Amino acid sequence: MSGDNTAQVMPLRPKRPCPECGRPSARETYPFCSKRCKDVDLNRWLKGAYVIPVRDDEDEADDVPPATDRE
């Protein structure tokens, strides 16, 4: 290592906007900007706000065994 301090260190992760409020993310709470935004997101997960909707026809397709040819 040389004594040259002009070399720049690359960050581990790029700064991204906070998914809750849009401010730049912080290293301690990545990808959020603060503990508050992190807790808001956790609360949504715990309340079930992040749910992938399922169509009724997908449920029925899983219950039916595949057709077989018995001739």
Side-chain angles (χ1 to χ4, degrees):
M1 231 164 91
S2 65
D4 187 10
N5 292 335
T6 59
Q8 293 186 356
V9 176
M10 292 294 293
L12 297 176
R13 297 180 186 129
K15 285 206 174 205
R16 294 189 173 168
C18 174
E20 290 299 321
C21 68
R23 291 186 294 193
S25 60
R27 177 178 276 184
E28 301 81 27
T29 56
Y30 190 84
F32 304 98
C33 68
S34 66
K35 182 167 176 3
R36 180 196 168 276
C37 284
K38 191 174 185 177
D39 289 342
V40 168
D41 184 70
L42 177 61
N43 187 39
R44 288 185 181 149
W45 275 104
L46 295 175
K47 286 175 28 180
Y50 297 133
V51 177
I52 299 173
V54 178
R55 295 188 326 235
D56 289 337
D57 61 340
E58 289 178 354
D59 289 339
E60 293 170 4
D62 291 340
D63 296 337
V64 177
T68 58
D69 294 330
R70 294 186 180 187
E71 290 183 32

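Treat the numbers as computed from the prediction; the structure is a model and nothing was measured.
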Interatomic spacing from CZ in Arg23 to SG in Cys37 - rounded to 0.5 Å: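 If we round to the nearest 0.5 Å, Arg23:CZ and Cys37:SG are 5.5 Å apart.
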
Spacing of Lys38 atom NZ and Cys18 atom SG [to the nearest 0.5 Å]: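 That separation rounds to 11.5 Å.
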
Residues in salt bridge (charged side-chain N to carboxylate O under 4.0 Å, His left out) with Arg44, at least two apart?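 If we apply the salt bridge (charged side-chain N to carboxylate O under 4.0 Å, His left out) test to Arg44, skipping adjacent residues, the hits are Glu20.
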
I'd like to know if the side chain of Ser25 and the backbone of Arg16 have a donor-acceptor N/O pair within less than 3.5 Å.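 At least one qualifying donor-acceptor pair exists.
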
Which other residues belong to the hydrophobic cluster containing Leu46, where Ile, Leu, Val, Met, Phe, Trp and Tyr are joined when side-chain heavy atoms lie under 4.5 Å apart, directly or via other members?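 Joined to Leu46, directly or through intermediates: Leu42.
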
Looking at side-chain heavy atoms only, is the closest gap between Cys21 and Cys33 below 4.5 Å?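 A side-chain contact under 4.5 Å exists here.
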
Just grab all the ring-ring contact (aromatic ring centres under 6.0 Å, His included) pairs involving residues 14-56, residues at least two apart or on different chains.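 Output for this query lists Trp45-Tyr50.
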
